[in-house]
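Notes for the one structure printed next.
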Amino acid sequence: QVQLVESGGGLAQPGGSLRLSCAAAGSIFTINDMGWYRQDPGKERELVARRDSGGGSYYSSSVTGRFTVSRVNADNTVYLQMNALKPEDAAVYYCYAIGYYCSASGCDRPGPQFESWGQGTLVTVSE
């Protein structure tokens, strides 16, 4: 099983910044896709940003120019730098990872695919 541990949420003022981190641990051969969703009560879960193993990125139009997603592939870690925060950015942010386990014989070849989620970290934006 691959576990994702998130950190970095909290309270920020409008216009302020926060940095979220998410580290994956387990029998991981590779992570192809890693990123962040968010969900506010009463709203649908929204893909905020993602980064693939080749360096390609996607951003929701609501965060483009303000948020930056980055990865350290060797550490199986993804970050979300959030600048110029707005009250509408307040939500629970969930990290996810999609990749392959190590095979039963070892990590020299891929095993089954996995999709894992973090427990969520709360971001509050308020004066």
Can you name the closest pair of heavy atoms from [X] and [Y] and give their distance?
X    : Y    : value
L4   : M34  : CD2-CE, 4.4 Å
V125 : A90  : N-CB, 3.9 Å
G111 : Y100 : O-CD2, 3.4 Å
Y93  : E6   : O-OE1, 3.5 Å
P112 : C102 : CD-O, 4.4 Å
A12  : L85  : CB-CD1, 3.7 Å

Within the distance-only criterion (no hydrogens, no angle test), does the side chain of [X] pair as donor or acceptor with the backbone N or O of [Y] below 3.5 angstrom?
X    : Y   : value
S116 : V2  : yes
T124 : L11 : no
D40  : K43 : no
T30  : N32 : no
D75  : T77 : no

Result for side chain to side chain contact (heavy atoms under 4.5 Å, CB included) between L20 and one of W36, Y79, F67 points to W36
Any pair counted as disulfide bond (SG atoms under 2.5 Å apart), so long as it reaches residues 1-71, sequence neighbours left out
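Every disulfide bond (SG atoms under 2.5 Å apart) pair that includes a residue of residues 1-71, provided the two are not neighbours, is C22-C95.
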If you group Ile, Leu, Val, Met, Phe, Trp and Tyr by side-chain heavy-atom gaps below 4.5 Å, do [X] and [Y] land in one group?
X   : Y   : answer
V69 : L18 : yes
L47 : V78 : no
V48 : Y59 : yes

Within 6.0 angstrom of E44 CD, more than 12 heavy atoms from elsewhere:
no
Exceeds 12 heavy-atom contacts within 6.0 angstrom, atom CD of Q1
no
Just by distance, with hydrogens left out, do [X] and [Y] show a side-chain donor and acceptor under 3.5 Å apart?
X   : Y   : result
E46 : S60 : yes
R38 : S62 : yes
N73 : S53 : no
S57 : R51 : yes

Rounded to the nearest 0.5 Å, how far apart are CD1 of I31 and CG of N76?
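One gets 4.0 Å once the value is rounded to the nearest 0.5 Å.
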Is there any ring pair (Phe, Tyr, Trp, His ring centres under 6.0 Å) pair reaching into residues 104-127, and which pairs are they, with sequence neighbours excluded?
Y37-W117, Y96-W117, Y101-F114
For the pair D89 and R66, evaluate salt bridge (Lys or Arg N to Asp or Glu O under 4.0 Å) and give the outcome as yes or no after the intermediate values.
CA-CA 11 Å; D89 293 319; R66 300 187 297 120; 2.7 Å; yes
Can you check whether S70 reaches Q81 side chain to side chain, under 4.5 Å on heavy atoms?
no
Check against side-chain contact (heavy atoms from CB on, under 4.5 Å), L80 and R19:
CA-CA 6 Å; L80 185 67; R19 187 179 191 233; over 6 Å; no
